[in-house]
Every structure is written in structure tokens, then in C-alpha cells.
K.L.:
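Could you have a look at this structure, given as C-alpha cells, before my questions?
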Amino acid sequence: MLKLSDEQWERIRRYFPEENHPTSRAGRKPVPARSILEAVLWILNTGAQWHMLPQCYPNYKTVHRRFQQWCEEEVLRDILIRLANDLRDLGMIDESESYIDATFASAKGGGEEIGKTKRGKGVKILAIVDRHGLPLSVSTHAANHHEVTLVQLSFEFYMLEAKPDHLIGDRAYDSDSLDEELSREGVEMIAPHRSNRKLKTQDGRKLRRYARRWLVERYFAWMQWKRRLLVRWEYYAANFLGFVQLASITMLLKRF
């Protein structure tokens with residue numbers, strides 16, 4: 001049975017709404033949020049279907065219903081923001097230099113916000129991480145969108161108030177219009193030039209930062225261990241994003 005440590009639960013428990021039923025009401029008693037969370041973590045790690053939840057956890061229908069409520073009310077996003085800012089206050093997040101990339105997750109069951117690509121139907125998981133590889137923004141989008149068009153959307157999910165001074169990405173982010181747009185917001189985009197670019201604009205000295213882009217690749221490699229993220233089975237985009245956010249929460253919790 002997968003369990004959170006008492007210290008980890010105490011750090012996040014105030015953000016999870018508890019169900020309160022009148023004592024005179026007939027039927028089952030409310031299930032504690034901690035039990036629901038540990039059941040969802042089991043689904044996240046194993047990739048199993050909801051009805052396969054072991055009997056040591058609450059009823060799978062209750063778990064699924066409460067998880068959907070958390071996603072709709074953006075409970076997990078609020079926790080991410082709080083944890084990231086707490087780590088920043090402790091000096092454990094360095095957002096001055098951040099790295100951006102995306103990975104593909106197939107969507108075999110269909111659903112909301114799914115795009116068709118050469119690899120089939122799916123979604124993109126877009127992430128920005130800091131110099132330690134800790135997530136600062138995680139979001140999901142239809143896979144048929146080009147990554148350049150998603151950069152600004154990713155900042156809508158940014159967990160800190162101030163944007164990074166430098167944002168490093170691969171050739172997919174080489175765009176003059178993106179450079180100009182981010183520059184107006186105080187962010188310098190650093191990415192290798194595309195092979196077909198005629199006018200070279202990138203400073204080779206600053207491009208040395210690109211050598212550390214493995215930090216965001218390591219983040220995605222770690223995410224691959226969460227089997228529920230390998231394939232999107234959720235019909236609703238908010239539910240799949242909830243699993244992505246929950247995976248990032250577990251990563252941040254380990255840093256305290």
C-alpha cells in the first residue's frame with residue numbers, strides 16, 4: 001500500500017477539502033482526503049484502471065469522484081504553486097535560468113483537447129524547470145500545436161510570480177517573433193538556430209547554457225516512471241493534467 005509520510009501530508013493537508021456529512025445522515029461516512037490521495041497516487045504510479053484499485057483503498061468510484069473535484073477546483077495547481085514558492089523561500093529553487101521542453105503522450109481513448117500527428121492522436125506535456133530540474137510550470141495541450149505557440153500558454157501555469165531571466169530550449173523554440181515577445185516581458189529566449197535559418201541572431205557565449213538542457217530531459221525521464229502518464233486514458237483534459245500536476249507535487253515534496 002502506497003502511503004505519504006506524515007511530514008509530507010502535514011505540509012499539504014490544508015489544501016485538500018474534506019467532505020462533511022451530518023452525523024444524522026444515513027449511509028457511508030466521509031472518506032478522509034489522505035486516503036483518497038494515496039489511492040490516486042497508486043493509480044498514478046501503476047497506470048491501472050480505476051476499478052482495479054486494491055481493496056485496501058477506498059471504493060474506486062469515491063476516489064475517482066473526489067479526484068475529479070480536485071481537478072475541477074484546481075486544488076492540485078494551488079498546491080504546486082505553494083510548494084514551489086516555499087522552496088524558493090528556502091533557496092532551493094533557482095529560476096534565473098530555466099529550461100523548457102515538451103514530450104508526447106498518446107491518447108488511445110480519445111477525448112478533449114487531443115490532436116492528430118504523425119505519431120497518432122495525443123497530447124503534449126509542456127514543462128519549464130529551474131536550474132535544479134524542479135518543475136516551475138507543467139501543462140498539457142493538444143499534440144498538433146507547435147511548441148513555439150505554446151510557450152506563452154505555459155506561463156499561465158507558471159508557479160512563481162517573476163518569470164525567468166533566461167529560458168533555454170531546443171531548435172523548436174527558435175523564433176524571432178517569440179524572442180521579441182518574451183524580450184518585452186524581460187525573458188531572454190536561448191535556443192540553437194534551425195538549420196534553414198539565414199540570419200544568425202544567437203550569441204554563441206550565451207548558447208553555452210544549452211549544454212545544461214538535460215535538466216528538463218531528466219524531468220521527463222522521471223515522469224516516465226509514472227505509468228499513468230505514458231498514455232492518456234482520461235477523456236477530460238483537466239483529469240490528465242491533474243495526474244501530471246500530482247506527479248510534480250511528489251517531486252517537490254521530496255525536496256523538503
K.L.:
Do you know the tightest heavy-atom contact between N144 and G115?
P.N.:
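It is OD1-CA, 3.5 Å.
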K.L.:
Go through it in stages, so that I can follow the logic: the residues are F155 and L167, the test is side chain to side chain contact (heavy atoms under 4.5 Å, CB included), and I'd like the CA-CA distance, side-chain angles, deciding distance and then a yes or no.
P.N.:
CA-CA 11 Å; F155 280 117; L167 185 63; 4.0 Å; yes
K.L.:
Which pair of non-hydrogen atoms, one from K121 and one from G110, has the smallest distance, and what is that distance?
P.N.:
NZ-CA, 4.3 Å
K.L.:
Just wondering, do M92 and R88 contact through their side chains at under 4.5 Å, heavy atoms?
P.N.:
no
K.L.:
If the condition is ring pair (Phe, Tyr, Trp, His ring centres under 6.0 Å), which residues does W9 pass it with, not counting sequence neighbours?
P.N.:
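So W9 forms a ring pair (Phe, Tyr, Trp, His ring centres under 6.0 Å) with F16.
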K.L.:
Name the orientation class of the two ring planes belonging to H141 and F157 (parallel below 30°, tilted from 30 to 60°, perpendicular beyond 60°).
P.N.:
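It falls in the perpendicular class, over 60°.
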K.L.:
Got more than 12 heavy atoms from elsewhere within 6.0 Å of CD, E161?
P.N.:
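No - once you tally the heavy atoms of other residues, nucleotides and ligands closer than 6.0 Å, there are 12 at most.
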K.L.:
Would you call L252 and L87 a side-chain contact if the rule is heavy atoms closer than 4.5 Å?
P.N.:
yes
K.L.:
Rounded at 0.5 Å granularity, tell me how far CH2 in W225 sits from CG in N45.
P.N.:
11.5 Å
K.L.:
Apply the test side chain to side chain donor-acceptor pair (under 3.5 Å) to residues E97 and H166: give CA-CA distance (whole Å), side-chain angles for both, the deciding distance (0.1 Å), then the verdict.
P.N.:
CA-CA 5 Å; E97 184 175 287; H166 306 285; over 6 Å; no
K.L.:
Determine whether L241 and I114 fall in the same hydrophobic cluster, where Ile, Leu, Val, Met, Phe, Trp and Tyr are linked whenever their side-chain heavy atoms lie under 4.5 Å apart.
P.N.:
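Cluster IDs for L241 and I114 differ.
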K.L.:
Check for a donor-acceptor pair, side chain of R232 on one end and backbone N or O of Y235 on the other, with a separation under 3.5 Å.
P.N.:
yes
K.L.:
Do V129 and S98 have side-chain heavy atoms sitting under 4.5 Å apart?
P.N.:
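No - every pair of side-chain heavy atoms lies 4.5 Å or more apart.
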K.L.:
According to ring-ring contact (aromatic ring centres under 6.0 Å, His included), does anything in residues 81-133 pair up with another residue at least two apart or in another chain? List the pairs.
P.N.:
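Counting only pairs at least two positions apart or across chains, no ring-ring contact (aromatic ring centres under 6.0 Å, His included) contact touches residues 81-133.
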K.L.:
For Y60, check ring pair (Phe, Tyr, Trp, His ring centres under 6.0 Å) against everything at least two apart and list the hits.
P.N.:
none
K.L.:
Within a strict 4.5 Å, meaning less than it, do heavy atoms of the F256 and L90 side chains meet?
P.N.:
yes
K.L.:
Side chains of L126 and T140, heavy atoms from C-beta outward: is any pair under 4.5 Å?
P.N.:
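The answer is no, as the side chains (C-beta and beyond) never meet within the 4.5 Å cut-off.
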K.L.:
Rounded to the nearest 0.5 Å, how far does CD1 of I128 lie from CG of L134?
P.N.:
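Result: 14.0 Å between the selected atoms.
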K.L.:
Can you tell me how far the NE2 atom of H146 sits from the CG atom of L178, to the nearest 0.5 Å?
P.N.:
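The CG atom of L178 is 10.5 Å from NE2 of H146, to the nearest 0.5 Å.
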K.L.:
Nearest heavy-atom pair of Y15 and P17: which atoms, and what distance?
P.N.:
O-CD, 3.5 Å
K.L.:
With a 4.5 Å cut-off on side-chain heavy atoms, are I125 and F240 touching?
P.N.:
yes
K.L.:
Please list all pairs passing the side-chain hydrogen bond (donor to acceptor under 3.5 Å, both in side chains) test where one or both residues lie in residues 241-256, with sequence neighbours left out.
P.N.:
Y219-S248
K.L.:
In Å and rounded to the nearest 0.5 Å, what is the CG to CD1 distance from L160 to I93?
P.N.:
5.5 Å
K.L.:
Kindly say whether S5 contributes a backbone atom to a donor-acceptor pair with the side chain of Q8 at under 3.5 angstrom?
P.N.:
yes
K.L.:
Hey, is the main chain of K108 close enough, under 3.5 Å, to the side chain of S106 for a donor-acceptor pair?
P.N.:
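Flag not set: sc S106 to bb K108 has no pair under 3.5 Å.
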K.L.:
Looking at E147 and A172, what are the two nearest heavy atoms and their distance?
P.N.:
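Nearest pair, atom of E147 first, then A172: OE1-CB, 4.0 Å.
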K.L.:
I'd like to know if the side chain of D130 and the backbone of D94 have a donor-acceptor N/O pair within less than 3.5 Å.
P.N.:
yes
K.L.:
Is it the case that one hydrophobic cluster holds both V123 and W233, taking links as side-chain heavy atoms less than 4.5 Å apart, direct or via other members?
P.N.:
no
K.L.:
Sub-3.5 Å donor-acceptor pair from the side chain of R66 to the main-chain atoms of V31, do we have one?
P.N.:
yes
K.L.:
List the atom of A143, the atom of T117, and the distance in Å for their closest heavy-atom pair.
P.N.:
O-CG2, 3.5 Å
K.L.:
Using the rule side chain to side chain contact (heavy atoms under 4.5 Å, CB included), only one of L41, I43, L44 pairs with K226; which is it?
P.N.:
L44
K.L.:
Is there a side chain to side chain contact (heavy atoms under 4.5 Å, CB included) between S154 and I100 once you walk through the steps?
P.N.:
CA-CA 9 Å; S154 71; I100 186 170; 4.2 Å; yes
K.L.:
Hey, is CD on E10 packed in by over 12 heavy atoms from elsewhere, all under 6.0 Å?
P.N.:
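For E10, atom CD is crowded (more than 12 foreign heavy atoms under 6.0 Å).
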K.L.:
Restricting to ring pair (Phe, Tyr, Trp, His ring centres under 6.0 Å), what partner residues turn up for H145, sequence neighbours left out?
P.N.:
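Expected list: none.
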K.L.:
What's the shortest heavy-atom distance between D101 and Y173, and which atoms?
P.N.:
CA-OH, 3.5 Å
K.L.:
When you look at D6 and R34, which way does the salt bridge (Lys or Arg N to Asp or Glu O under 4.0 Å) test go after all the steps?
P.N.:
CA-CA 10 Å; D6 291 339; R34 181 173 182 175; 3.0 Å; yes
K.L.:
Is the side chain of N85 donor-acceptor paired with the backbone N or O of M159 at a distance under 3.5 Å, no angle test?
P.N.:
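Yes, because the side chain of N85 sits within donor-acceptor range (under 3.5 Å) of the backbone of M159.
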K.L.:
Could you see if V231 belongs to whatever hydrophobic cluster contains F67? Use Ile, Leu, Val, Met, Phe, Trp, Tyr and a side-chain cutoff under 4.5 Å.
P.N.:
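No.
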K.L.:
Looking at A33, is its backbone amide N or carbonyl O close enough to the side chain of E18 to form a donor-acceptor pair, meaning the two atoms are under 3.5 Å apart?
P.N.:
yes
K.L.:
Check the surroundings of atom CZ in R227: do more than 12 heavy atoms from other residues, nucleotides or ligands lie under 6.0 Å from it?
P.N.:
no
K.L.:
Sequence neighbours excluded and cut-off under 3.5 Å, please list the side-chain donor-acceptor pairs for residues 69-81, or say none.
P.N.:
{"unit_1": "R77", "atom_1": "NH2", "unit_2": "E156", "atom_2": "O", "d": "2.3"}

K.L.:
Do the non-hydrogen side-chain atoms of L246 and L37 ever get within less than 4.5 Å of each other?
P.N.:
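In contact.
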K.L.:
Evaluate the criterion salt bridge (Lys or Arg N to Asp or Glu O under 4.0 Å) for residue pair E95 and K163; output intermediate values, then yes/no.
P.N.:
CA-CA 8 Å; E95 76 277 17; K163 294 182 179 179; over 6 Å; no
K.L.:
Between D170 and R213, is there a side-chain heavy-atom distance shorter than 4.5 Å?
P.N.:
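A side-chain contact exists here, since the closest heavy-atom pair is under 4.5 Å.
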